[in-house]
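Here's the structure we're looking at; comments come further down.
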Amino acid sequence: MSESQDSLFGLDADRDPGLDPGLDPGRGPGLGHELGFGFSEELAGPLAGPIVITGTDTGVGKTITTAAIAAAATAAGQSVAVVKPAQTGTAEGDEPDAVTVARLAEPALTRTLSEFPDALGPVAAARVAGEDPLTAVMAQLAIRSIGEEYDITLIEGAGGLLVPLGEGGWTILDLAAALRATVIVVARPGLGTLNHTALTLQALERREVPALVVFGSWPADPELVHRTNLHDLEADLAGAIPDGAGALDPDVFRRESLHWLDPRLHGRFDPVAFRSHSR
Ligand SMILES: Nc1ncnc2c1ncn2[C@@H]1O[C@H](COP(=O)(O)OP(=O)(O)OP(=O)(O)O)[C@@H](O)[C@H]1O
Ligand SMILES: C[C@H](N)[C@H](N)CCCCCC(=O)O
Ligand SMILES: [Mg+2]
């Protein structure tokens with residue numbers, strides 16, 4: 001890869017997209033990677049402060065998971081702000097993610113920091129629109145300032161962990177490292193998730209960002225592959241959102257949400273009981 005390509009993809013050690021701590025890409029690869037990262041010990045007790053919601057891909061259920069965490073934490077008495085740094089696809093007629101979360105969870109605040117019409121990655125969508133994408137500094141300042149007013153700030157990325165979100169190609173991983181946030185990786189429950197989830201967790205581990213996994217859309221009738229995936233990802237699992245939850249009446253969604261998330265995410269989900277029910 002040429003030097004300019006390195007810069008374009010944000011891979012050079014000298015780049016400075018404006019996010020202060022945690023940007024050192026030189027910590028080296030995760031050695032001896034295996035599923036089960038031992039992050040859970042660090043993440044005991046209900047989480048507060050900045051929590052980044054990413055996913056193994058777009059369309060995996062990040063927004064519904066964000067709404068569920070917002071609902072469970074709000075019901076537990078926390079003041080919750082939800083921030084979407086970059087919303088794309090506003091011309092498609094789909095409900096923006098912040099609106100979905102506000103409708104389902106009614107957190108204290110929802111805020112979108114930048115938006116672009118085409119359903120693309122945010123930097124591409126900004127380029128196509130002839131506009132400037134969000135800078136890392138603006139994103140961080142806005143989120144830190146919101147964080148001073150609320151117990152919990154949930155920050156939903158766009159697509160997966162390494163999608164460029166703004167100027168200079170900063171990613172939700174850069175932002176999570178800079179904010180020293182905990183990351184929730186929303187994963188699909190079916191075939192293919194072991195690879196996508198391991199890649200995402202490994203990238204987080206390289207930057208020493210603690211992470212938990214939530215299944216974004218758990219089927220009503222799990223098949224063998226869902227049960228084996230549940231077993232193999234259990235060490236990092238902090239919840240499972242039932243398939244179809246996004247279509248529930250908001251009152252029901254808010255009432256049920258605490259059953260989908262474990263106590264670290266302000267719910268009462270019990271992975272052991274869940275596994276035995278999923279046999
Ligand atoms: N648990 C669920 N219940 C109902 N619908 C769901 C659920 N999870 C996902 N969906 C649906 O699947 C689609 C994608 O989900 P969602 O919008 O949450 O994805 P995302 O990961 O937030 O994607 P993006 O990268 O666009 O933000 C949506 O149409 C959503 O309504
Ligand atoms: C438009 C869509 N719903 C998302 N908000 C954007 C997803 C960007 C994914 C980019 C990629 O990984 O190729
Ligand atoms: Mg979303």
Side-chain angles (χ1 to χ4, degrees), residues 9-10 51-72 82-105 107 110-129 133-134 154-166 169-173 175 183-190 192-193 196-197 199-200 203 213-222 226 239-250 252-254 256-257 259-261 265 267 269 274:
F9 287 101
I51 302 175
V52 161
I53 292 69
T54 189
T56 53
D57 198 357
T58 187
V60 296
K62 288 190 303 294
T63 303
I64 308 299
T65 300
T66 302
I69 298 169
V82 177
V83 180
K84 179 84 180 179
Q87 174 71 58
T88 62
T90 55
E92 306 272 305
D94 292 342
E95 191 173 60
D97 289 354
V99 176
T100 304
V101 174
R103 179 173 56 77
L104 288 173
T110 56
R111 175 83 43 89
T112 300
L113 301 181
S114 67
E115 51 186 15
F116 305 99
D118 289 295
L120 301 167
V123 170
R127 191 169 64 237
V128 168
L134 185 66
L154 302 177
I155 304 140
E156 185 192 340
L161 189 70
L162 298 183
V163 172
L165 293 190
W170 62 271
T171 66
I172 201 76
L173 172 58
L175 185 63
V183 169
I184 307 304
V185 176
V186 181
R188 293 196 170 96
T193 206
H196 293 154
T197 304
L199 286 169
T200 303
V213 173
V214 170
F215 287 125
S217 191
W218 183 258
D221 294 311
H226 302 116
I241 314 298
D243 191 20
L248 288 172
D249 176 88
V252 178
F253 184 92
R254 288 194 280 277
E256 293 294 313
S257 61
H259 299 300
W260 311 331
L261 301 162
L265 296 174
F269 172 86
F274 181 71

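Residue numbers run from 1 in the order of the sequence given. First listed ligand is number 1; within each ligand, the first listed atom is number 1.
There is no protein heavy atom closer than 4.0 angstrom to atom 28 (C) of ligand 1. Atom 11 (C) of ligand 1 is not flagged as protein-proximal [any protein heavy atom, distance under 4.0 Å]. The protein reaches atom 22 (O) of ligand 1 closely, with a heavy atom under 4.0 angstrom from it.
Nearest-residue assignment for atom 1 (N) of ligand 1 (options Gly55, Pro242, Gly61; heavy-atom criterion): Pro242. Considering each of Asp57, Thr56, Ile64, Thr58, the one bringing a non-hydrogen atom nearest atom 31 (O) of ligand 1 is Ile64.
With sequence neighbours excluded, the residues that form a ring-ring contact (aromatic ring centres under 6.0 Å, His included) with Phe274 are Trp218, Phe269. For the salt bridge (Lys or Arg N to Asp or Glu O under 4.0 Å) test, residues two or more places apart in sequence or in another chain that qualify with Asp57 are Arg188.
Contact atoms of ligand 1 toward Gly159: 25 (O) (distance under 4.0 Å to a heavy atom of the residue). In the vicinity of Asp97, heavy-atom distances shorter than 4.0 Å reach the ligand 1 atoms 27 (O). Atoms of ligand 1 found under 4.0 Å from any heavy atom of Glu156, numbered from 1 in the order shown, are 22 (O), 27 (O). Near Gly59, the atoms of ligand 1 lying under 4.0 angstrom from a non-hydrogen atom of the residue are 14 (C), 19 (O), 20 (P), 21 (O), 23 (O), 25 (O). Within the listing of ligand 1, atoms 1 (N) sit less than 4.0 angstrom from a heavy atom of Ile241.
Each protein N/O/S atom under 2.8 Å from the Mg ion (ligand 3) was counted, for a total of 3.
Contact annotation: the side chain of Pro133 never approaches that of Ser114 to less than 4.5 Å [non-hydrogen atoms, C-beta and beyond]. In this structure, the side chains of Val101 and Leu154 stay at 4.5 Å or more apart for every pair of heavy atoms.
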Working for ring-ring contact (aromatic ring centres under 6.0 Å, His included), residues Trp260 and Phe215: CA-CA 10 Å; Trp260 311 331; Phe215 287 125; over 10 Å; no
Thr66 vs Ile155, test: side chain to side chain contact (heavy atoms under 4.5 Å, CB included). Steps then yes/no. CA-CA 8 Å; Thr66 302; Ile155 304 140; over 6 Å; no
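Of the protein's heavy atoms, Gly246 N, 3.1 Å lies nearest to atom 4 (C) of ligand 1. Of all protein heavy atoms, the one closest to atom 17 (O) of ligand 1 is Thr63 OG1, 3.9 Å. Here the heavy atom of the protein found nearest to atom 8 (N) of ligand 1 is Gly216 O, 3.6 Å.
For Lys84 (side chain) and Gly157 (main-chain N/O), a donor-acceptor pair under 3.5 Å exists by modelled atom type.
One distance of note links CD1 of Ile64 with OG1 of Thr100; it measures 6.5 Å at 0.5 Å rounding. Ile69 contributes atom CD1, which lies 5.0 Å from atom CD1 of Ile184 (distance to the nearest 0.5 angstrom). To the nearest 0.5 Å, atom CD of residue Gln87 and atom OG1 of residue Thr63 are 7.5 Å apart. Of the inter-residue distances, the one linking Asp97 atom CG with Glu156 atom CD reads 4.0 Å to the nearest 0.5 angstrom. In this structure, CZ on Arg127 lies 11.5 Å from CG on Asp118, to the nearest 0.5 angstrom.
Here the closest heavy-atom approach between residue Thr112 and residue Ala98 is recorded as OG1-CB, 3.5 Å. When all heavy atoms of Leu175 and Pro85 are compared, the pair lying nearest together is CD2-CG, 4.4 Å. In plain terms, the two heavy atoms of Gly121 and Thr88 that are nearest each other are C-CG2, 4.1 Å.
Contacts between Thr66 and ligand 1 below 4.0 angstrom, taking non-hydrogen atoms only, are absent altogether. Contact annotation: for Lys84 versus ligand 1, heavy atoms closer than 4.0 Å belong to the side chain alone.
When each of Leu173, Thr200, Thr54, Leu199 is paired with Leu162, the side-chain contact (heavy atoms from CB on, under 4.5 Å) condition holds for Leu173 and for no other. Among Leu134, Thr171, Ile172, the one residue that satisfies the side-chain contact (heavy atoms from CB on, under 4.5 Å) test with Leu165 is Ile172.
Ligand 1 has an N or O atom lying under 3.5 Å from an N or O atom of Ala245, backbone or side chain. Close N/O approach between Lys62 and ligand 1 is found [any backbone or side-chain N/O within under 3.5 Å].
Contact residues for ligand 2 (protein heavy atom closer than 4.0 angstrom to any ligand atom): Thr58, Thr88, Ala119, Leu120, Gly121, Gly159, Val163.
Heavy-atom distances between Gly244 and ligand 1 reach below 4.0 Å in at least one pair.
Heavy atoms of other residues, nucleotides or ligands lying less than 6.0 angstrom from CG of Asp221 number 12 at most.
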